[in-house]
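Written below as structure tokens is the structure these notes are about.
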Amino acid sequence: MTLLPATSPDAALPALAALLGCGADDLRPLLPQFTAAWLAADGAGVIALRRTPRADLEVLGGARPGPQQAEVAAALLRAASTSGTPLSAYADDTLLPGHVLQTLGWEQAGQYTEWHGPLPTPETSVPAGLRVLPLADVSALTVRREAQGTYADRLGHTLVSDADIVPGAHGADDRVGHIALDGAGRGVGICRAWLDGDTLTIGSPGVHPDLRHTALQHALLRATCDAARLHGAQQLVMQAWGDTPAETQADTDLGLQAVTVTPIYLSRPA
């Protein structure tokens, strides 16, 4: 099949939205994060590259299911790889099948996991020299940005703006979510929370790399679950990106079940 040359993300937006099953206006806020896009000549697929907090660019989109899906996906990925910039992509059989990524020499480097289960109560304490307190008690954007930045090196995370970290952003319940501060008042960990009836939804707690060997992640989780329980929550949905095998095992040990697991692959620079 013939591929069009790289096109502007703005021009590719309608096709990308159609592929992802959303409206173009839903994706328009992401345009400043897109660097390039490619369209399959017959409309069988489209991808755009999105900046991340890391060195890699995330592949968004893919190829429509069908007999030519693998061929289309591979051609689009080859076109995007010509710059030599490391790329990351979620292996999704509906858009970017894992076997296509593997054939192109991409390697699995992490995964997205959605965990379900009863609210856990890990037996842990806050590490010495740190404080864990409700997000509602910390309105300073500088501190909230520092805490949110603890995810920056984790595969699969996306760029955030001030609009994403202000109190209550995207419906988050800051009475329930928690933040960790060090002795100097810097944000070194965060667990944002959403309540829907008896279900608490969180992202896996973010912790500064220098503190990941401590119990801070579970301390943030414990504080958030305890607060949610006071508001009637009984069940947990936890979304985790880029966890190491040890972190995945730790979540399993909490009694949580992995309901969705999507591998994340990294390309080899061209």
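The first residue of the sequence shown is numbered 1, and numbering continues consecutively from there. What you see is a predicted model; the values in this text were computed from it and never measured.
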Could you name each residue pair satisfying salt bridge (charged side-chain N to carboxylate O under 4.0 Å, His left out) that touches residues 176-198, not counting sequence neighbours?
D182-R186
For residues 163-175, which residue pairs pass the side-chain hydrogen bond (donor to acceptor under 3.5 Å, both in side chains) check, not counting sequence neighbours?
R144-D174, S161-D164, D164-H170, D173-R175
Could you pull out all donor-acceptor pairs under 3.5 Å where a side-chain atom in residues 19-32 meets a protein atom, sequence neighbours excluded?
| from | atom 1 | to | atom 2 | distance (Å) |
| --- | --- | --- | --- | --- |
| D26 | OD2 | G23 | N | 2.9 |
| R28 | NH1 | D10 | OD1 | 3.4 |

By side-chain hydrogen bond (donor to acceptor under 3.5 Å, both in side chains), which residues pair with E146, not counting sequence neighbours?
none
Sorted by chain and number, sequence neighbours left out, side-chain hydrogen bond (donor to acceptor under 3.5 Å, both in side chains) with R78 holds for none
Under the ring pair (Phe, Tyr, Trp, His ring centres under 6.0 Å) rule, collect the residues that match up with H208, sequence neighbours excluded.
none
Going by the rule ring pair (Phe, Tyr, Trp, His ring centres under 6.0 Å), which residues pair with Y151 if we only count those two or more places apart in sequence or in a different chain?
H157
Same cluster (ILVMFWY, side-chain, under 4.5 Å), [X] and [Y]:
X    : Y    : value
L130 : V207 : yes
V72  : L104 : yes
I190 : I165 : no

Going by the rule side chain to side chain contact (heavy atoms under 4.5 Å, CB included), which residues pair with [X] if we only count those two or more places apart in sequence or in a different chain?
X    : result
V132 : V126, H178, A180, L216, L220, A223
Q257 : none
A193 : V176, L200, I202, T224
P14  : none

Please list every donor-acceptor pair under 3.5 Å in which a side-chain atom of residues 88-96 meets a protein atom from a residue at least two apart or in another chain.
| from | atom 1 | to | atom 2 | distance (Å) |
| --- | --- | --- | --- | --- |
| S88 | OG | D56 | OD2 | 2.8 |
| Y90 | OH | G156 | O | 3.1 |
| Y90 | OH | W241 | NE1 | 3.2 |
| D92 | OD1 | T94 | N | 2.9 |
| D92 | OD1 | T94 | OG1 | 2.7 |
| D92 | OD2 | T94 | OG1 | 3.1 |

For [X] and [Y], indicate whether the former's side chain and the latter's backbone hold a donor-acceptor pair under 3.5 Å.
X    : Y    : value
T262 : Y112 : no
Q69  : A63  : yes
E71  : Q68  : no

Are a donor atom and an acceptor atom from the side chains of Q33 and R50 found within less than 3.5 Å of each other?
yes
Side chains of Q217 and S204 only: does a donor on one sit below 3.5 Å from an acceptor on the other?
yes
